[in-house]
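Whatever order the structure lists ligands and atoms in, that order sets their numbers, starting from 1. Along the sequence shown, residues carry numbers from 1. Just so we're clear, the structure is a prediction, and the values are computed from it rather than from any experiment.
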Amino acid sequence: MFYTPHTVLITGATSGFGEALARLISEQSPETKLILTGRRADRLEQIANDLPSKTHIMVQDVTDFDKVKDDIANIPDEFKNIDCLINNAGLASTADDFTNVDEADLFQMIDVNVKGLVHMTHQILPGMVERKGGVIINLGSIAGNYNYPGGHVYCGTKAFVNHFSKTLRADVKGKNIRITSVEPGAVETEFSVVRYKGDQSKADGVYDNHRSLNANHVARTLWWIMTQPPEFNVNNIEVMPTDQSYSGFSFDKFEG
Ligand code: NDP
Ligand code: 8X3
């Protein structure tokens, strides 16, 4: 461990990668303070109770920009000097064909995955610049690098995250801020339950018949990135199950 983060803000800490990372940080570095966010208050309270770390929770929807701004302004003094931001809150609201989806589902992905992430970054980055250091890790996805049917807006939002992360680096060059886009493949979390709107058997089907990754695999990757020395920036990193790989283009003949 070359760098020990002192205050980490994790969005979407109520399940999956966010929760696993909070637990891992707490285990590896109990003196690191945690700010955990998400919409589900009961989960945040439970996680905060479980952890030995000093923890501040913010029950918030990342798309409620005024509330997020307010919550940040009201962070207790001892948690204010955030040196690590994990922009993890995100979702795929559907896996259906674009011609067969509700617009609300499409807009939700843009609001959470793109606007929520940009807003949070815009709020937190100035403090890092002022304090002359920080780490921002954004949860992109392989979905931002490769296309698949039913991916449409989700893939688009993650392409944004992957690209935004790298481009932002140009603006913080010389300011001792590290920025990384983490781009996982299929990882078994609540992600697919959300995508299939609570249909557990469809969600399970995504992870059947191969060795899956779980949230701890990704949490360990995030921990590795944030604990690198300040002079070492991981621009982007793609991880996926060994049993997942590429597929080719496909054809469908137009029959009129
Ligand atoms: P989970 O569904 O387990 O976790 C998603 C987290 O995001 C939850 O804590 C949820 O909290 C939070 N969240 C969702 N919407 C909002 C919102 N409007 N406001 C605040 N928080 C919100 O999924 P993962 O842990 O798998 O996903 C984490 C990130 O990783 C996402 O950005 C996802 O796109 C990305 N990813 C996931 C992959 C996978 O295969 N699992 C692969 C590649 C990337 P709550 O519901 O309490 O608000
Ligand atoms: C989630 C991974 O492959 O379901 O971002 O799009 S995938």
Side-chain angles (χ1 to χ4, degrees), residues 9-24 35-47 57-65 67-68 71 86-95 104-105 107-117 119-120 137-162 164-165 181-198 200 202-203 205-207 210 212-219 221-222 236-241 243-247:
L9 191 165
I10 305 173
T11 69
T14 57
S15 64
F17 306 165
E19 177 181 357
L21 180 64
R23 292 185 187 280
L24 182 65
I35 304 174
L36 307 180
T37 86
R39 291 166 300 177
R40 287 170 288 181
D42 54 336
R43 296 261 192 124
L44 288 176
E45 279 155 18
Q46 181 63 58
I47 294 162
I57 61 173
M58 301 199 296
V59 181
Q60 61 180 218
D61 186 321
V62 289
T63 68
D64 187 344
F65 303 133
K67 171 141 194 347
V68 169
D71 287 350
I86 311 293
N87 274 317
N88 166 72
L91 82 168
S93 314
T94 178
D105 282 341
F107 286 177
Q108 186 187 24
M109 291 186 275
I110 296 170
D111 287 346
V112 178
N113 302 355
V114 175
K115 291 165 81 175
L117 181 144
H119 183 250
M120 187 60 78
I137 307 179
N138 296 326
L139 263 297
S141 169
I142 60 158
N145 302 330
Y146 311 98
N147 316 98
Y148 56 83
H152 43 82
V153 170
Y154 181 70
C155 290
T157 63
K158 290 302 179 179
F160 173 88
V161 174
N162 297 353
F164 169 69
S165 309
S181 159
V182 173
E183 301 157 14
V187 187
E188 190 163 3
T189 62
E190 293 178 17
F191 176 83
S192 291
V193 182
V194 172
R195 185 173 229 176
Y196 291 109
K197 302 199 180 302
Q200 187 68 52
K202 265 193 185 169
V206 175
Y207 311 105
H210 66 264
S212 281
L213 294 190
N214 60 47
N216 292 321
H217 290 104
V218 176
T221 306
L222 299 169
N236 62 309
I237 182 166
E238 223 184 65
V239 295
M240 60 170 64
D243 292 351
Q244 182 177 27
S245 187
Y246 313 97
S247 64

Checklist entry - Side chain, backbone, both or neither: which part of Ser192 has a heavy atom under 4.0 Å from ligand 1? => result neither
Checklist entry - Looking at Asp64 and Arg39, does any basic side-chain N land under 4.0 Å from a carboxylate oxygen? => result no
Checklist entry - Under 3.5 Å, is there a donor-acceptor pair linking the side chains of Ser93 and Gln108? => result yes
Item to check | Verdict with reasoning, Asp71 to Gln60, per side chain to side chain donor-acceptor pair (under 3.5 Å) | outcome: CA-CA 8 Å; Asp71 287 350; Gln60 61 180 218; 2.8 Å; yes
Checklist entry - Taking only heavy atoms of Thr14, which atoms of ligand 1 are found under 4.0 Å from at least one of them? => result 8 (C), 9 (O), 10 (C), 11 (O), 45 (P), 47 (O)
Checklist entry - Can you list the residues that meet the side-chain hydrogen bond (donor to acceptor under 3.5 Å, both in side chains) rule with Ser212, with sequence neighbours excluded? => result His210
Checklist entry - Taking only heavy atoms of Gln60, which atoms of ligand 1 are found under 4.0 Å from at least one of them? => result 19 (N), 20 (C)
Item to check | Residue, atom name and distance, where the atom is the protein heavy atom closest to atom 30 (O) of ligand 1 | outcome: Phe17 CE1, 3.1 Å
Next on the checklist: Give the atom numbers and elements of ligand 1 that come within less than 4.0 Å of a heavy atom of Ala186.
Outcome noted: 40 (O)
Checklist entry - Which residue holds the protein heavy atom closest to atom 34 (O) of ligand 1, what is that atom called, and what is the gap in Å? => result Tyr154 OH, 2.7 Å
Item to check | Carboxylate-amine/guanidinium proximity below 4.0 Å for Glu238 and Lys158 | outcome: no
Next on the checklist: Nearest non-hydrogen contact with atom 4 (O) of ligand 1 belongs to which option: Gly12, Ser15, Gly140?
Outcome noted: Ser15
Pairwise, report which nitrogen or oxygen atoms of ligand 2 are under 3.5 angstrom from protein nitrogen or oxygen atoms, and how far apart they are.
| unit_1 | atom_1 | unit_2 | atom_2 | d |
| --- | --- | --- | --- | --- |
| ligand 2 | 5 (O) | Ser141 | OG | 2.5 |
| ligand 2 | 5 (O) | Tyr154 | OH | 2.6 |
| ligand 2 | 6 (O) | Tyr148 | OH | 2.5 |

Item to check | Test item: Ile47 and Leu36 side chains (from C-beta on) under 4.5 Å apart, heavy atoms | outcome: yes
Checklist entry - Taking the side chain from Thr221 and the backbone from His217, do they hold a donor-acceptor pair closer than 3.5 Å? => result yes
Checklist entry - To the nearest 0.1 Å, how far is atom 40 (O) of ligand 1 from its closest protein heavy atom, and which atom is that? => result Val187 N, 2.9 Å
Checklist entry - Do the side chain of Lys115 and the main chain of Met109 share a donor and acceptor less than 3.5 angstrom apart? => result no
Item to check | Thr94 vs Arg195 side-chain heavy atoms within contact, under 4.5 Å | outcome: no
Next on the checklist: Using the rule side-chain contact (heavy atoms from CB on, under 4.5 Å), only one of Asn87, Leu222, Asn236 pairs with Val182; which is it?
Outcome noted: Leu222
Checklist entry - Is the shortest distance from a heavy atom of Glu19 to ligand 1 less than 4.0 Å? => result no
Next on the checklist: Using a 4.0 Å cut-off to any heavy atom of Val112, which atoms of ligand 1 qualify?
Outcome noted: 15 (N), 18 (N)
Checklist entry - Under a 4.0 Å heavy-atom limit, does Lys158 contact ligand 1 with its side chain, its backbone, both, or neither? => result side chain
Next on the checklist: So that I know where these two stand, are Phe17 and Phe191 an aromatic pair - ring centroids less than 6.0 Å apart?
Outcome noted: no
Checklist entry - Nearest heavy atom to atom 13 (N) of ligand 1: which of Ala92, Ser93, Ser141, Ala89 does it belong to? => result Ala89
Item to check | Salt-bridge present (Arg40, Glu190; N to O < 4.0 Å) | outcome: yes
Next on the checklist: For the backbone of Gly12 and the side chain of Asn88, can you confirm whether one donor and one acceptor N or O come within less than 3.5 Å of each other?
Outcome noted: yes
Checklist outcome for this item: shortest atom 23 (O) of ligand 1-to-protein heavy-atom contact is with Thr189 OG1, 3.5 Å
Checklist outcome for this item: Note: heavy atom closest to atom 7 (O) of ligand 1, options Ala41, Gly18, Gly90, belongs to Gly90
Checklist entry - To the nearest 0.1 Å, how far is atom 18 (N) of ligand 1 from its closest protein heavy atom, and which atom is that? => result Asp61 OD1, 2.9 Å
Checklist outcome for this item: Nearest non-hydrogen protein atom to atom 48 (O) of ligand 1, with distance, is Arg39 NE, 2.6 Å
Next on the checklist: Between Asn138 and Ser165, do the side chains contain a donor N or O and an acceptor N or O under 3.5 Å apart?
Outcome noted: yes
Item to check | Expected output: side-chain Ser181 to main-chain Gly140 donor-acceptor under 3.5 Å | outcome: no
Checklist entry - Which one holds for Pro184 and ligand 1: side chain close, backbone close, both close, or neither close, with close meaning a heavy atom under 4.0 Å? => result both
Item to check | atom 42 (C) of ligand 1 - nearest protein heavy atom and its distance | outcome: Gly185 O, 3.1 Å
Checklist outcome for this item: The atoms of ligand 1 lying under 4.0 Å from a heavy atom of Ala13, numbered in the order shown, are 9 (O)
Next on the checklist: What verdict does the side chain to side chain donor-acceptor pair (under 3.5 Å) test give for Thr157 and Asn113, after you've listed the backbone C-alpha separation in whole Å, the side-chain angles of each residue and the deciding distance to 0.1 Å?
Outcome noted: CA-CA 6 Å; Thr157 63; Asn113 302 355; 3.1 Å; yes
Next on the checklist: Polar contacts were defined as any N/O atom of the residue lying under 3.5 Å from an N/O atom of the ligand; does this apply to Val62 and ligand 1?
Outcome noted: yes
Checklist entry - Polar-atom distance check: Leu139 versus ligand 1, any N or O pair below 3.5 Å? => result no
Item to check | Polar side-chain atom of Gln244 near backbone of Ala186 as donor-acceptor pair, under 3.5 Å | outcome: yes
Item to check | Shortest protein contact, atom 29 (C) of ligand 1 (heavy atom only) | outcome: Asn88 O, 3.0 Å
Checklist entry - In this structure, which one of Leu21, Leu9, Thr11, Thr37 forms a side-chain contact (heavy atoms from CB on, under 4.5 Å) with Ile86? => result Leu21
Next on the checklist: At under 4.0 Å between heavy atoms, is it the side chain or the backbone of Tyr207 that contacts ligand 1, or both, or neither?
Outcome noted: neither
Next on the checklist: Using a 4.0 Å cut-off to any heavy atom of Gly16, which atoms of ligand 1 qualify?
Outcome noted: 3 (O), 25 (O)
